[in-house]
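Okay, structure first, notes after.
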Amino acid sequence: VMLIQAAPSPLMRTRDSGDYTMNSGSCLSTSTMAIPTITGSSAALSACSSSNTSAHPASFTGTQICFPKRQDKVKKRVIWGIEVAEELQWKGWALGKEVTKNLTLKNISLKIQKMKYRSPKTKFFFTVIPQPILLSPGITFTLPIIFRPLEEKEYVDQLWFEKAEGMFCVDLRATLPCHSLTCPRSLQLPTCAVGDVTEAWFCLENVGDLPTFFTWEFPSPFQILPTTGLLEPGQASCIKVTFHPLMATIYEVQATCWYGEGSKQKRSMQLQAVAKCAQLLVSIKQKRPEDQDAEGFQKVLHFGSVAVGCTAERQIKLYNPSMVRVVSAPFRIEVAPDMLAKDHTFSCPTTNGIVPPGEKKFVSVFFHPETLDIRTIDYLSIMPSGCASHTLLKVVGFCRGPEVSLQHCCVNFGWVNLGETLEQTLWIENKSDCTAYFQFAIDCQESVFDIRPAFGTLVGKARMTLHCTFQPTYPTIYSRRVACLIHHQDPLFLDLIGTCHSDSTKPAILRPQHLAWYRTHLARGLTLYPPDILGTMLREKKLEQDKNGALLIPTEAPENVSAPQYPLISPMNEYFFDGTSDIAIFPPPVSIEPTDVDFGACPGPGDPNPVPLCLMNHTKGKITVVWTRRSDCPFWVTPDTCDVPPLKSMAMRLHFHPPYPNCLYAVELEAFAVYKVCAGRRHGGGEGCLSSRNLNSRVGLEGGGCCGIYPLCAKLLLGWIVVLAGLPSPRLMGL
């Protein structure tokens, strides 16, 4: 009787020492959030070892994991006390070469086993000459079987054994190399919100004998990465599946993996996922009385008043009320489209994000104003992904700047003897709570007036004491209008006046009232006439005095029409249109050319050539000009005093004597002038004065009553000297 034992069920491949082959369909893990990177091959194995694992091999997405070549496991069975393999397989064989495999028979019974065998029927498998086999208990017998192929095809044969109990056989099979990939039959992805993205992983394994290219085909909204790749025999790749739904529905689609020769073989996998709409509630954190946060109305976020250059922060709260554990609420925050062309003073660094279910997220909105006294309005759109409606948030803010003021607009030093020094103090105050930066436009080292500190910083709600010094160098009257430049605020102006007496010359004392008269005369066109002419016209009734004592030209205008007054000029216009440029509010009575002088790089060792200056008198009276010079100043003008006839000009020279080599020198020189008339012919007392104001050659006419005061400035950028030979000579222009 011939007995053929039925084949037992296949054994699952296991991981033994040195064998890391993965079971197909065993690498499954899902996640909807970013996870730490896992490194090392052991982490890769744990990520693909069990369907219940929670590892998330994010770092393996799109990568391939290599394993050593699998050792083919021989399936064995026991027939009548003999342990023997079910089948012998030959793989990787080549034509013309003999391949030998050993068939092992082991007696596991307690008695002696006797058997005999028959040679294979085909000529491609053969063994030693058949002979009886006697096996004692526990003894193993090895029978060599030789395979000799003659053509490329599959070969099948059988080796029969005969015992007293019956017959059994061992299959002999020689196979050709083939392509074979394995993957899970289905994959369930986590529930996802519309517009959000969720992910899952699985393992694609090459269980064949050949390197195999693969290509995935999948429908939207799923995506499989990597879409294509190459797997060597025994190699597996962690494949990532992403789900990005645009509609709330149940998705059940099929993904196909094409592989093999001509990509004609395929493996299919069912992809299943559910998409739901997310909800996002927007509210204002730490509400203020002016905020609007009621349901059903437009939400308004007020920043209030913010100092220029400062940044204010407020927060809005985003809440995801969904109770479904996996439905997160993704969102985007955008500026309203009609505001894109403008410079945004409002900003929101968080442009997108995700709010987990049942949680809150606080988003910061910043207000950084840069334009003073402007109320700014903008709109932010908070748009949840998917079908939910968006929330339009109105943001409002006002920009305020520093509020700097001076204790007085005029410092009157009265009179001082030549060679003496007077000092007075006044404070500068910042009433705002934002920091202010100020600087007085005066070169204190080369002026008869000195302000300390000439520049500085005023914090909010602070006051600083300024020390003003008057040290005249010539007996005359002095007046200078100094601009105080303030960052983010219009400039302030400080009038500095004083009178210097000597033993032989005692001019009338200049007072603040004289400045007020001068500005009135400037508006009435009387400043270009010297005091003697004005005095004569007053005596001849060609001029009159108003109630304030200022002169005016009599007219037949109705009584309700007042005489011209000094106009209200904005501080910026007064600073820039002061007569030193082509545009001036009032014509300058005195000017000088050039107003900027650059000596450049002086070669040495001698002094550079003097630079010619031209001082022009635009008035109808003779003036006397006096230049201020300190003993340690490397620049001076000659002549230091001179008389200039009316409507004439005077040539002068500017000298430069650098005391030290390799240094940069830059100063502002100032000059003062008086009308050259007899004291008895002056009306209202006081001489005319010519003064400098700052580095911009500010020119104007100041005075009181009939006396004229002419500010004049030569902005003199002077140079530097280089004594080393062969060095270039750089020029500093426009400092």
Side-chain angles (χ1 to χ4, degrees), residues 408-422 424 447-449 468 470-481 495-522 524 526-539 543-552 566 589-590 617 619-628 641 643-644 646 670-693 700-712:
H408 308 294
C409 62
C410 179
V411 176
N412 181 16
F413 291 96
W415 68 274
V416 61
N417 290 322
L418 183 64
E420 296 179 354
T421 300
L422 283 182
Q424 293 192 21
S447 175
V448 296
F449 298 105
C468 302
F470 177 46
Q471 187 178 10
T473 59
Y474 187 85
T476 185
I477 58 177
Y478 295 87
S479 171
R480 180 157 183 175
R481 187 168 175 83
D495 288 307
L496 304 174
I497 60 175
T499 306
C500 178
H501 289 177
S502 67
D503 294 339
S504 58
T505 304
K506 298 182 183 296
I509 299 175
L510 185 63
R511 304 185 186 280
Q513 181 61 49
H514 297 143
L515 298 183
W517 284 337
Y518 162 72
R519 293 188 177 95
T520 303
H521 293 169
L522 190 64
R524 297 173 181 178
L526 300 176
T527 54
L528 298 182
Y529 297 93
D532 54 347
I533 295 180
L534 295 178
T536 301
M537 294 176 65
L538 182 62
R539 288 192 300 270
L543 292 177
E544 297 178 355
Q545 287 183 288
D546 60 14
K547 61 181 179 180
N548 296 321
L551 302 179
L552 58 86
Y566 189 75
V590 183
N617 178 11
T619 70
K620 294 178 173 54
K622 180 184 291 189
I623 61 174
T624 298
V625 179
V626 179
W627 286 90
T628 300
T641 61
D643 294 339
V644 184
E670 67 180 6
F672 297 86
V674 296
Y675 274 119
K676 197 172 183 65
V677 293
C678 296
R681 297 176 61 187
R682 290 197 302 263
H683 174 78
E687 298 183 3
C689 170
L690 187 63
S691 70
S692 70
R693 294 180 54 185
L701 183 62
E702 301 186 39
C706 295
C707 73
I709 305 173
Y710 304 82
L712 171 70

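Not measured: the values here are computed from a predicted model.
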Just how far is it from atom [atom1] of [X] to atom [atom2] of [Y], taken to the nearest 0.5 Å?
| X | Y | atom1 | atom2 | value |
| --- | --- | --- | --- | --- |
| Ile509 | Ile497 | CD1 | CD1 | 10.5 Å |
| Lys506 | Asn417 | NZ | CG | 6.0 Å |
| Thr473 | Tyr478 | OG1 | OH | 4.5 Å |
| Tyr566 | Leu522 | OH | CG | 6.0 Å |
| Thr527 | Lys620 | OG1 | NZ | 9.5 Å |
| Arg480 | Leu496 | CZ | CG | 8.5 Å |

Donor-acceptor check, side chain of [X] to backbone of [Y], threshold 3.5 angstrom: yes or no?
| X | Y | result |
| --- | --- | --- |
| Glu670 | Val448 | yes |
| Asn617 | Gly621 | yes |
| His501 | Leu418 | no |
| Trp415 | Ile477 | no |
| Gln471 | Glu420 | no |

So, using side chain to side chain contact (heavy atoms under 4.5 Å, CB included) as the criterion, who are the partners of Arg524 when residues are at least two apart?
Thr520, Leu526, Asp546, Ala550, Leu552, Ala563, Pro564, Gln565
For the pair Asp495 and Arg481, find out whether any cationic side-chain nitrogen is under 4.0 Å from an anionic carboxylate oxygen.
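A salt bridge links Asp495 with Arg481.
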Is the closest side-chain heavy-atom distance between [X] and [Y] below 4.5 Å?
| X | Y | value |
| --- | --- | --- |
| Leu551 | Leu538 | yes |
| Phe413 | Pro472 | no |
| Pro507 | Thr499 | yes |

Closest heavy-atom contact between Val590 and Ile623?
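Looks like CG2-CD1, 4.1 Å.
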Where do Lys676 and Asp643 land on the salt bridge (charged side-chain N to carboxylate O under 4.0 Å, His left out) test, with the steps shown first?
CA-CA 8 Å; Lys676 197 172 183 65; Asp643 294 339; 3.6 Å; yes
Evaluate Val644 against Val625 for side-chain contact (heavy atoms from CB on, under 4.5 Å), listing each step before the verdict.
CA-CA 8 Å; Val644 184; Val625 179; 4.2 Å; yes
Could you walk me through whether Ser479 and Leu510 pass the side-chain contact (heavy atoms from CB on, under 4.5 Å) test, one step at a time?
CA-CA 8 Å; Ser479 171; Leu510 185 63; 4.0 Å; yes
